[in-house]
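Okay, so here's the structure we're looking at.
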Amino acid sequence: MKKRYTLEQKRWDDPVDHSMPEHARVPATLTIGNVKIAPATVLAPMAGVTDTVFRRFIKNASQFTADTASANVEQATTNQQSGCGLIMTEFTSADGLSRMRETKRKRYLTYYDDEHPISAQLFGSNPETLADSARIVQDAGFDLVDLNLGCPAKRVVACNGGSGLLRDLPLIETIFKAIRAAVTIPFTVKFRIGWNDANIVCVELAKLAEDCGLNAAALHARTREDGYTGQARWEYIAAVKDAVKIPVIGNGDIRTPEDAAAMVDATRCDAVMIGRTAPSNPWIFRQIAQYTASKEATGIGTYDKPTNEDRYRMIRTYFQMMVDEIALEEQAEAARAAAITASGQIARDQRHRDCVGKMKQFASWFTHGVPGGSALRKQIFDAKNGAAVLDAVEQFFETKAEAAEAILV
Ligand SMILES: Cc1cc2nc3c(=O)[nH]c(=O)nc-3n(C[C@H](O)[C@H](O)[C@H](O)COP(=O)(O)O)c2cc1C
């Protein structure tokens with residue numbers, strides 16, 4: 001079975017709370033090549049998490065208009081589409097992609113029209129396969145292609161992919177050039193600061209990226225050996241920003257709008273990228289957008305905080321989207337083939353298991369610290385399929401609503 005990162009293993013070690021800096025805020029826009037991103041916020045790629053359903057869920061949860069703003073905000077300064085400017089696929093193996101049949105590729109690279117602008121992330125170490133895969137990504141209509149030089153997972157590093165490549169800058173240069181020559185869409189790189197403290201290469205690597213014609217660089221400010229421990233070292237984002245003219249996207253340990261503005265303040269990065277916070281607080285992008293817009297309009301930055309009821313609504317919406325997506329896939333399959341083959345049935349069963357697995361993973365992140373959260377978590381963990389998970393959420397809601405009514409009476 002495919003081994004996944006889990007959110008559980010990657011909790012924050014010892015999070016630092018930042019206060020809101022007086023003058024800094026996340027920029028309203030960012031341009032990467034010819035792609036305009038507004039606002040300058042990016043949902044980080046997360047294997048096993050950022051599939052099409054999660055990406056659309058986050059974009060919807062980030063919706064932000066003047067009507068929902070907590071301050072009197074000019075329409076022009078709000079983002080009517082979404083507070084999350086750019087979304088990315090989870091990493092996809094270039095070797096796998098270039099070997100796959102057309103139909104399977106489509107499944108890996110599934111996205112919907114309302115996901116633009118969207119970037120597809122690739123990993124691998126073979127320049128030709130990576131270039132071929134980048135072409136596939138471009139032909140599939142993605143707005144950008146990204147190269148992963150940050151993944152610390154052993155199975156990826158063992159093939160010299162992800163952060164494994166950080167020890168071989170000459171090979172990185174060959175890969176950069178091969179991909180650059182293969183596609184015309186903007187090409188970006190996401191990397192860590194180095195393999196370990198004895199091998200910090202982020203500034204050199206960012207300059208190489210710029211020299212090879214890449215259009216932006218996103219830095220998760222930890223080494224491979226750091227994994228997810230300690231604090232992200234934002235000073236390296238500042239060092240990279242000082243060294244290159246291409247846009248620099250800062251990443252690591254943003255949990256609140258205050259953290260996002262503090263990162264911009266400390267590093268002058270052109271955009272912020274957020275990973276682990278998105279599943280535990282899907283409103284993070286909307287909150288940043290609200291803060292930015294209200295600060296712009298009134299001089300005082302404010303943002304809404306979700307109520308517990310909002311949180312339960314949110315979990316129900318996400319789970320319903322997951323169940324609907326499976327139903328859509330099954331309808332499409334039924335339209336293609338008159339009868340479901342045995343291997344088709346195995347794939348279906350696996351998809352249902354994956355869906356329930358993701359629901360459980362999400363529930364464990366999303367219900368921590370919420371009254372009654374542990375009871376709901378238990379019910380979700382005992383559920384056998386997507387419908388049963390939805391029932392559990394529904395029942396929980398009803399009990400809560402009844403309790404609230406009883407208090408009002
Ligand atoms: C579950 C999980 C899966 C991840 N998968 C990827 C991936 O596919 N590609 C990648 O570049 N980074 C991946 N990352 C790293 C994140 O994109 C991000 O760099 C990291 O979580 C630090 O940002 P944060 O502090 O905002 O979470 C993953 C992280 C987590 C927690």
Side-chain angles (χ1 to χ4, degrees), residues 2-18 26 41-51 54-55 58 84 86-94 96-97 108-109 119-124 144-157 161-166 188-193 202 205 216-224 226-234 236-237 248-260 262-263 267 269 271-282 284-285 288 357-358 360-362 364-366:
K2 213 158 138 191
K3 188 158 179 338
R4 296 265 192 205
Y5 284 95
T6 71
L7 285 165
E8 289 306 314
Q9 293 158 356
K10 308 207 182 300
R11 284 187 188 278
W12 290 272
D13 235 14
D14 184 16
V16 172
D17 288 327
H18 292 95
V26 172
T41 49
V42 185
L43 173 65
M46 286 183 286
V49 181
T50 50
D51 58 14
F54 187 78
R55 296 190 304 255
I58 289 294
C84 177
L86 177 67
I87 49 182
M88 299 180 65
T89 67
E90 55 188 301
F91 68 178
T92 303
S93 155
L97 204 58
Y108 264 79
L109 297 177
S119 171
Q121 190 187 59
L122 300 172
F123 77 93
L144 307 97
V145 62
D146 181 74
L147 176 68
N148 176 321
L149 295 183
C151 178
K154 283 203 183 99
R155 77 187 159 95
V156 173
V157 169
S163 59
L165 277 173
L166 295 173
T188 61
V189 60
K190 177 168 179 285
F191 56 120
R192 286 187 176 235
I193 59 181
C202 53
L205 201 157
L219 181 64
H220 176 195
R222 286 188 170 89
T223 64
R224 192 267 176 181
D226 288 340
Y228 285 81
T229 59
Q231 311 300 326
R233 293 183 258 172
W234 291 357
Y236 285 106
I237 301 174
V248 173
I249 303 166
N251 172 234
D253 297 353
I254 294 178
R255 295 177 312 126
T256 61
E258 285 84 346
D259 293 343
M263 179 190 273
T267 68
C269 61
V272 295
M273 176 185 274
I274 297 173
R276 292 165 293 172
T277 296
S280 54
N281 173 18
I284 182 67
F285 293 103
I288 294 173
K358 281 187 182 176
K360 291 180 178 175
Q361 177 180 255
F362 183 76
S364 83
W365 268 63
F366 198 61

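Along the sequence shown, residues are numbered consecutively beginning with 1. Both counts, for ligands and for their atoms, begin at 1 and track the order of listing. Note that the structure is predicted; figures quoted are calculated from it, not measured.
Using a 4.0 Å cutoff on heavy atoms, Gly252 counts as a contact of ligand 1. Residue contact check for ligand 1: Thr277 places no non-hydrogen atom closer than 4.0 Å to it.
Here the side chain of Thr267 pairs no donor or acceptor atom with the backbone of Trp234 at under 3.5 angstrom. Counting only distance, with no hydrogens or angles, the side chain of Thr89 and the backbone of Gln121 share a donor-acceptor pair below 3.5 Å. Checking side-chain atoms of Asn148 against main-chain N and O of Phe123 turns up no donor-acceptor pair under 3.5 Å. Here the side chain of Arg224 pairs a donor or acceptor atom with the backbone of Pro152 at under 3.5 angstrom. Asp253 places a side-chain N or O within donor-acceptor distance of the main-chain N or O of Ala232, the cut-off being under 3.5 Å.
By the 6.0 Å and 45° rule, Arg192 stacks over the aromatic ring of Tyr228.
Heavy atoms from both the backbone and the side chain of Arg276 come within less than 4.0 Å of ligand 1. Looking at Asn251 against ligand 1, only its side chain comes within 4.0 Å, counting heavy atoms. Contacts with ligand 1 closer than 4.0 Å are made by side-chain heavy atoms of Lys190 only, the backbone lying farther away. With a 4.0 Å cut-off on non-hydrogen atoms, Tyr228 touches ligand 1 through its side chain and not its backbone.
When each atom of ligand 1 is checked for a heavy atom of Phe91 under 4.0 Å away, the hits are 8 (O). For ligand 1, the atoms closer than 4.0 angstrom to any heavy atom of Gly275 are 24 (P), 26 (O), 27 (O). The contact set between ligand 1 and Asp253, taken as ligand atoms under 4.0 Å from a residue heavy atom, comprises 24 (P), 25 (O). The distance from ligand 1 to the heavy atoms of Asn148 drops below 4.0 Å at these ligand atoms: 9 (N), 10 (C), 11 (O).
Every residue meeting the side-chain hydrogen bond (donor to acceptor under 3.5 Å, both in side chains) condition with Asn281, not counting sequence neighbours, appears here in chain and number order: Gln287. Residues passing the salt bridge (Lys or Arg N to Asp or Glu O under 4.0 Å) test with Arg233 are Asp197, Asp226, sequence neighbours excluded.
Nearest residue to atom 13 (C) of ligand 1 from Pro45, Ala44, Gly48 is Pro45 (criterion: closest heavy atom).
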